[in-house]
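Scope of the values below: all heavy atoms of this structure, side chains included, with no hydrogens, waters or symmetry mates.
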Amino acid sequence: MSTASPLRSTIDVPALLDALPARISDIPALAAGRDPQHVALIEDGRRLTNAQLVQAVEATAALLRDWGVRGGDRVMIVAENSIAQIVLLFATARLDAWALVSNARLSASELDAIRAHAQPRVTAYAVESSVDAGQHAQRHGASAAPDVAPGIGAWSFTVDTSAQAEPVEAANDRQCAALIYTTGTTGAPKGVMLSHRNLLFIAAVSSRLRQVRPDDVVYAVLPISHVYGFASVCLGSLYAGATLRLAPRFAPEAVRRALADERVSIFQGVPAMHAKLIEHLQTHGHAWHAPHLRFIYSGGSPLDAALKAHVESVYGLPLHNGYGMTESSPTVSQTMLDAPRRDCSVGEVIPGVEVRFVGLDGADAAVGETGELWVRGPNVMLGYYRNPQQTRAAVTKDGWLKTGDLARQDADGAL
C-alpha cells in the first residue's frame with residue numbers, strides 16, 4: 001500500500017487545458033522559443049536542435065503541400081522510431097492533415113488493409129532507418145523524397161490523387177490529429193481518431209506527473225506508431241523540453257550502452273524489455289551502470305510481481321506501472337513518481353479523468369467491487385474512423401468510453 005500522491009493534487013486541470021496549444025505541431029515552435037539550441041532529437045549519429053526541428057518540419061510540410069496534402073487529408077507514415085517519422089508527423093499536423101502512424105514491421109497484408117481503409121493522400125516511408133519500411137516502399141512503387149535541410153534521413157513517398165479530405169475543425173478538441181489503427185480483440189483493424197486536445201492533454205499531464213525537465217534524456221524505444229510511444233513518450237517529452245533518444249527497435253546491448261554513456265534519465269518499456277535487459281546483463285556479466293537514470297516505467301501488458309521486484313533490485317529504482325488503451329490516448333492511470341507502490345496495481349487515475357465500474361446488470365458496482373471500467377475525460381477518442389456503429393458501441397452519448405476491461409479500485413485510489 002502507499003499513500004496518495006501530493007504531486008497529483010498540484011495539477012489544475014482547467015488551467016492545464018486552457019494552456020494547451022491549438023495543435024500538436026505547435027510543440028516544436030514552443031520548445032524552440034524557450035531554447036533554440038537545445039537538442040530535441042537524437043538518432044544514432046544524427047541530431048536536431050529545437051530550431052532545426054522547426055526548420056525541418058516547415059520544409060517537410062512544404063513538400064507535402066506541393067503534393068496536394070490539405071487539411072483533413074490522411075498522411076500515412078510507415079516507419080520505426082526515427083527523426084524522419086517525427087518530422088513527418090509534425091509536418092502533417094502543420095497542414096491540419098491527419099498523421100496515420102503505422103509500424104513498418106506490420107506484414108504487407110496488415111499494412112495494405114489499413115492503407116485501403118484510410119485512403120491516405122500521401123504515404124511516406126522512413127526507408128533509411130527501417131529496412132521494413134524500405135520493403136513496403138518498394139512494393140508500393142514509392143519515389144525518393146527530395147532532401148530537406150537540415151537532413152532528416154532518406155524517405156520515400158507515394159501520392160493518391162483520388163483521396164478525399166475530411167472537414168477541418170478549428171477547435172483542438174474536434175480536429176483529428178492522429179489516426180492509430182488497433183486490432184483490438186475483434187481482429188479487423190479499427191482506426192482510432194485522436195484529437196489534438198486528446199494528445200496534448202496526455203502529453204502535458206504525463207510529463208507533469210513524471211516531472212520531465214529539459215535536462216532529461218528520454219530513451220524512446222516504445223514504438224511511436226503506438227499511442228503510448230506517440231502521446232506520452234514522444235509528445236510528452238518534447239512538450240516538457242526534454243531530449244528524445246530514438247531507438248528503432250529494442251536491443252538489450254544498445255539500451256545498456258545508452259543508459260551507461262548517453263545520460264539517459266527516463267526509460268519506459270514493456271515488461272519483456274526489462275526482463276530481457278536484466279537477462280542480457282547476467283549472460284554477459286555486465287554490471288548495472290545507469291548514472292543518470294531517475295524514472296523507469298512498465299506498461300503495455302500486465303506486470304508480474306516477481307519481475308517488478310527483480311527489476312527494482314537491479315536498477316535500484318521503483319518500477320512504475322500504468323494502464324491505458326489507444327481509445328483513451330492512452331493513459332487512464334499510472335503509479336505516481338512521489339508515491340511508488342509495492343504491489344502491481346496500475347496506480348491512481350490521472351487528474352482530469354473520471355472512472356466508473358459497471359456490473360453485468362449495467363449498474364455501477366459497489367465500492368471496491370470489480371466491474372467493467374468506463375472512462376470519461378479529455379483523453380477519450382473522437383471515435384473510430386468510418387465506423388459510427390462501432391463508435392456508438394464504445395462511447396456512450398454522455399462521453400463514457402467502455403474499455404471492455406475489468407477493474408476495481410482500492411480504498412487508496414489505486415486501480
K.L.:
Could you pull out the closest heavy-atom pair between R245 and D44, with the gap in Å?
P.N.:
NH2-OD1, 3.4 Å
K.L.:
Do V311 and I278 make a side-chain contact, defined as non-hydrogen atoms from C-beta onward lying under 4.5 Å apart?
P.N.:
yes
K.L.:
Looking only at heavy atoms, what is the nearest atom pair of I266 and L293, with distance?
P.N.:
N-CD1, 4.0 Å
K.L.:
For R263, does the CZ atom have more than 12 heavy-atom neighbours from other residues, nucleotides or ligands under 6.0 Å away?
P.N.:
no
K.L.:
Apply the test side chain to side chain donor-acceptor pair (under 3.5 Å) to residues S109 and D112: give CA-CA distance (whole Å), side-chain angles for both, the deciding distance (0.1 Å), then the verdict.
P.N.:
CA-CA 5 Å; S109 61; D112 292 355; over 6 Å; no
K.L.:
Would you say that V218 contacts Q268 through its side chain, given a criterion of any heavy-atom pair below 4.5 Å between the two side chains?
P.N.:
yes
K.L.:
Any Lys/Arg nitrogen of D216 or R294 sitting under 4.0 Å from an Asp/Glu carboxylate oxygen of the other?
P.N.:
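Result for this pair is yes, salt bridge flagged.
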K.L.:
Give a yes or no on whether the backbone of A220 and the side-chain of N81 come within a donor-acceptor separation of less than 3.5 Å.
P.N.:
yes
K.L.:
To the nearest 0.5 Å, what is the distance between CE (M381) and CG (L194)?
P.N.:
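One finds 8.5 Å between CE of M381 and CG of L194.
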K.L.:
Contact between W155 and V87 at the side-chain level, heavy atoms closer than 4.5 Å - yes or no?
P.N.:
no
K.L.:
Yes or no on side-chain contact (heavy atoms from CB on, under 4.5 Å) for S232 and R210, after CA distance, side-chain angles and deciding distance?
P.N.:
CA-CA 10 Å; S232 185; R210 297 197 307 270; 3.0 Å; yes
K.L.:
Once you measure the plane-to-plane angle for W67 and F157, does it fall in the parallel (<30°), tilted (30-60°) or perpendicular (>60°) bin?
P.N.:
parallel
K.L.:
Does Q52 use its side chain to pair, donor to acceptor, with the backbone of P150 at less than 3.5 Å?
P.N.:
no
K.L.:
Q119 vs R386, test: side-chain contact (heavy atoms from CB on, under 4.5 Å). Steps then yes/no.
P.N.:
CA-CA 11 Å; Q119 297 169 330; R386 298 191 164 137; 3.1 Å; yes
K.L.:
Shortest non-hydrogen contact from Q211 to L337?
P.N.:
OE1-CD2, 3.5 Å
K.L.:
Evaluate the side-chain proximity of L277 to L259: yes if any heavy-atom separation is below 4.5 Å, no if none is.
P.N.:
yes
K.L.:
Between atom OG of S206 and atom OH of Y228, what is the distance when rounded to the nearest 0.5 Å?
P.N.:
6.5 Å
K.L.:
Quick check for you: to the nearest 0.5 Å, what is the distance between L235 atom CG and F230 atom CZ?
P.N.:
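One finds 5.0 Å between CG of L235 and CZ of F230.
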K.L.:
Are D26 and R23 within salt-bridge range, i.e. N to O under 4.0 Å?
P.N.:
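A salt bridge is absent here (no side-chain N lies under 4.0 Å from a carboxylate O).
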K.L.:
Closer than 3.5 angstrom, by distance alone: can the side chain of H274 be matched with the main-chain N or O of Y297 as a donor-acceptor pair?
P.N.:
yes
K.L.:
Taking all atoms of both residues into account, what is the closest heavy-atom pair of L244 and C234, and its distance?
P.N.:
CD1-CA, 3.7 Å
K.L.:
Is any side-chain heavy atom of V380 closer than 4.5 Å to one of N198?
P.N.:
no
K.L.:
So does R249 pair up with D132, basic N to acidic O under 4.0 Å?
P.N.:
yes
K.L.:
Nearest 0.5 angstrom please: T158 OG1 to H136 NE2, how far?
P.N.:
12.5 Å
K.L.:
Tell me whether Q138 at atom CD has more than 12 heavy atoms from other residues, nucleotides or ligands lying less than 6.0 Å away.
P.N.:
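For Q138, atom CD is not crowded (no more than 12 foreign heavy atoms under 6.0 Å).
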K.L.:
Quick one: closest heavy-atom pair of I180 and S225, and the distance?
P.N.:
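Scanning both residues, the minimum pair turns out to be CG2-O, 3.9 Å.
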K.L.:
With no hydrogens and no angle check, just 3.5 Å: does a side-chain donor-acceptor pair link S129 and R46?
P.N.:
no
K.L.:
Regarding E262 and R257, does a basic nitrogen lie under 4.0 Å from an acidic carboxylate oxygen?
P.N.:
no
K.L.:
State, with a plain yes or no, whether a side-chain heavy atom of V168 is found less than 4.5 Å away from one of Q175.
P.N.:
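When only atoms from C-beta onward are counted, Q175 and V168 do touch, with a gap below 4.5 Å.
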K.L.:
Would you say R208 and P351 make side-chain contact, with heavy atoms under 4.5 Å?
P.N.:
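Not in contact.
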K.L.:
Is there a donor-acceptor contact under 3.5 Å from the side chain of T283 to the main chain of E279?
P.N.:
yes
K.L.:
Is it true that, when you exclude R34 itself, more than 12 heavy atoms of the residues, nucleotides or ligands shown sit nearer than 6.0 Å to its CZ?
P.N.:
yes
K.L.:
Evaluate side chain to side chain donor-acceptor pair (under 3.5 Å) for S82 paired with Q85, printing each intermediate quantity in order.
P.N.:
CA-CA 5 Å; S82 54; Q85 174 194 44; 4.5 Å; no
K.L.:
Check the pair H320, T335 against side chain to side chain donor-acceptor pair (under 3.5 Å), reporting the backbone distance first and the verdict last.
P.N.:
CA-CA 6 Å; H320 288 279; T335 56; 2.9 Å; yes
K.L.:
Nearest 0.5 Å, please: how far is CZ in R174 from CE in M193?
P.N.:
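That separation rounds to 8.5 Å.
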K.L.:
Quick test of your reading of the model: are K402 and E372 salt-bridged, counting only N-O distances below 4.0 Å?
P.N.:
no
K.L.:
Of all heavy-atom pairs between L415 and L373, which one has the smallest distance, and what is that distance?
P.N.:
CD2-CD2, 4.2 Å
K.L.:
Donor-acceptor pair, distance only, cut-off 3.5 Å: does the side chain of S328 make one with the backbone of P330?
P.N.:
yes
K.L.:
If you apply the rule side-chain contact (heavy atoms from CB on, under 4.5 Å), what do you find for L111 with M76, and how did you get there?
P.N.:
CA-CA 10 Å; L111 194 85; M76 185 170 184; 3.7 Å; yes
K.L.:
Ignoring hydrogens and angles, tell me if any N or O in the side chain of T391 forms a donor-acceptor pair with the backbone of Y384 under 3.5 Å.
P.N.:
yes
K.L.:
Given side chains that start at C-beta, do those of I350 and F201 come closer than 4.5 Å, heavy atoms only?
P.N.:
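In contact.
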K.L.:
Evaluate whether atom CD of Q282 has more than 12 neighbouring non-hydrogen atoms of other residues, nucleotides or ligands under 6.0 angstrom away.
P.N.:
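Yes, because the 6.0 Å sphere around CD of Q282 holds more than 12 heavy atoms from other groups.
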K.L.:
Check the pair V221, V255 against side-chain contact (heavy atoms from CB on, under 4.5 Å), reporting the backbone distance first and the verdict last.
P.N.:
CA-CA 9 Å; V221 68; V255 180; 5.5 Å; no
K.L.:
More than 12 heavy atoms of other residues, nucleotides or ligands under 6.0 Å from CG of D405: is that the case?
P.N.:
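It does: D405 CG has more than 12 such atoms within range.
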K.L.:
Checking T60 side chain against A56 main chain: does a donor-acceptor pair fall under 3.5 Å?
P.N.:
yes
K.L.:
Within the distance-only criterion (no hydrogens, no angle test), does the side chain of E348 pair as donor or acceptor with the backbone N or O of S5 below 3.5 angstrom?
P.N.:
yes
K.L.:
Parallel, tilted or perpendicular: which describes the rings of Y385 and H117, with under 30° parallel and over 60° perpendicular?
P.N.:
perpendicular
K.L.:
Indicate yes or no: does R256 engage E253 in a salt bridge with an N to O separation below 4.0 Å.
P.N.:
yes
K.L.:
Kindly assign one of parallel, tilted or perpendicular to the pair Y125 and H140, based on the angle between their ring planes and the thresholds 30° and 60°.
P.N.:
tilted
K.L.:
Is it true that a side-chain atom of N321 and a backbone atom of S345 form a donor plus acceptor pair closer than 3.5 Å?
P.N.:
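Checked: pair present.
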K.L.:
Looking at T331, is its backbone amide N or carbonyl O close enough to the side chain of N379 to form a donor-acceptor pair, meaning the two atoms are under 3.5 Å apart?
P.N.:
yes
K.L.:
Looking at CG of L382 and SG of C176, how far apart are the two atoms once the value is rounded to the nearest 0.5 Å?
P.N.:
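The distance works out to 6.0 Å.
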K.L.:
Is it the case that more than 12 heavy atoms not belonging to R94 sit under 6.0 Å from its CZ atom?
P.N.:
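Open: at most 12 neighbouring heavy atoms sit under 6.0 Å from CZ of R94.
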